[in-house]
Amino acid sequence: MKACIFHDMNPGQRDRKIFELVEHAHDTHGALLIYAPGRERAAAIDRFLWILKQESFIPHRIFEENGPDPGVAIGIVTLEINPVAARTLIADGRCSLDFACGFDTIHEFVDRSSPAAHEECRERFRQYRERKIAVDHVKE
């Protein structure tokens, strides 16, 4: 069954949570895709995956097209592509619901930066439920 987890946390903790999810996927030999809202954010995610934990290297790559790289199971994209054939998505930005629903597990983040942004998250939560996807809200 497909599942979506909405992580509700301080915005300053988001990068650490993304790293934890990536590290878990790497440790369990799972493929994972991170959807970033733009090139600048993709580069920031790439950078912190390199430096967050000095003692561990997690092979990853920013993909700008759908061509696979057999040595990489962790992909960062700004387009709605899945070059690593991941079944898990971290939606750091808002991708289309159709794209997100193509994954078995989806991680989203609650945005409380404004009432409108928070309402958008609530609407997305409802849309997942309407598509019969199990949705969980985790306060962290």
Side-chain angles (χ1 to χ4, degrees):
M1 178 175 207
K2 293 181 184 244
C4 179
I5 300 110
F6 276 82
H7 300 274
D8 193 349
M9 61 183 52
N10 178 314
Q13 298 173 317
R14 183 183 286 202
D15 288 352
R16 171 70 63 184
K17 185 63 180 180
I18 291 172
F19 183 85
E20 289 172 5
L21 294 167
V22 168
E23 188 174 46
H24 179 264
H26 176 67
D27 290 348
T28 60
H29 306 288
L32 179 136
L33 190 71
I34 304 166
Y35 178 84
R39 287 182 179 187
E40 187 175 306
R41 180 63 179 147
I45 293 168
D46 175 54
R47 197 169 27 262
F48 78 69
L49 288 179
W50 278 102
I51 65 171
L52 201 55
K53 226 178 184 182
Q54 296 294 323
E55 67 276 5
S56 67
F57 170 71
I58 298 175
H60 66 280
R61 182 177 141 203
I62 296 174
F63 289 85
E64 295 185 2
E65 56 187 39
N66 213 11
D69 181 342
V72 179
I74 309 294
I76 305 167
V77 299
T78 58
L79 304 169
E80 293 187 354
I81 58 175
N82 187 0
V84 295
R87 301 306 317 145
T88 300
L89 172 70
I90 298 174
D92 185 58
R94 293 285 182 253
C95 56
S96 73
L97 208 58
D98 287 339
F99 179 70
C101 290
F103 293 84
D104 295 335
T105 305
I106 307 133
H107 294 273
E108 296 235 6
F109 296 92
V110 175
D111 183 350
R112 295 180 183 272
S113 63
S114 71
H118 191 214
E119 184 53 39
E120 184 183 331
C121 289
R122 287 179 172 167
E123 178 58 28
R124 196 148 166 108
F125 189 97
R126 285 188 287 271
Q127 290 173 345
Y128 280 118
R129 279 206 171 145
E130 287 170 4
R131 291 183 180 220
K132 307 290 188 238
I133 293 175
V135 185
D136 196 11
H137 175 258
V138 179
K139 185 84 171 150
E140 300 182 52

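Note that these values count all heavy atoms, side chains included, but never hydrogens, waters or copies made by symmetry.
- In this structure, the side chains of Phe103 and Thr88 stay at 4.5 Å or more apart for every pair of heavy atoms.
- Annotation: side chain of Met1 is not in contact with side chain of Lys132 (no heavy-atom distance under 4.5 Å).
- In this structure, Ile45 is not a member of the same hydrophobic cluster as Val84, with clusters built from ILVMFWY side-chain heavy atoms closer than 4.5 Å.
- Taking the charged nitrogens against the carboxylate oxygens, Glu40 and Arg47 have no contact shorter than 4.0 Å, which rules out a salt bridge.
- In the hydrophobic cluster analysis, where Ile, Leu, Val, Met, Phe, Trp and Tyr join through side-chain heavy atoms closer than 4.5 angstrom, Val135 is grouped together with Ile106.
- Looking at heavy atoms from C-beta onward, Arg87 lies out of side-chain contact with Thr105 at the 4.5 angstrom threshold.
- Side-chain contact between Arg122 and Arg126: present, with at least one pair of heavy atoms (C-beta onward) separated by less than 4.5 Å.
- Annotation: side chain of His26 is not in contact with side chain of His60 (no heavy-atom distance under 4.5 Å).
- Within 6.0 Å of NZ in Lys139 there are more than 12 heavy atoms belonging to other residues, nucleotides or ligands.
- Annotation: ring pair (Phe, Tyr, Trp, His ring centres under 6.0 Å) contacts of Phe125 (sequence neighbours excluded): Phe6.
- Annotation: side chain to side chain donor-acceptor pair (under 3.5 Å) contacts involving residues 3-14, sequence neighbours excluded, comprise His7-His107, His7-Glu140, Asp8-Arg112, Asp8-His137, Arg14-Asp92.
- Considering all non-hydrogen atoms of both residues, Ala42 and Ile76 come closest at CB-CG2, 3.8 Å.
- Taking the charged nitrogens against the carboxylate oxygens, Asp46 and Arg39 have no contact shorter than 4.0 Å, which rules out a salt bridge.
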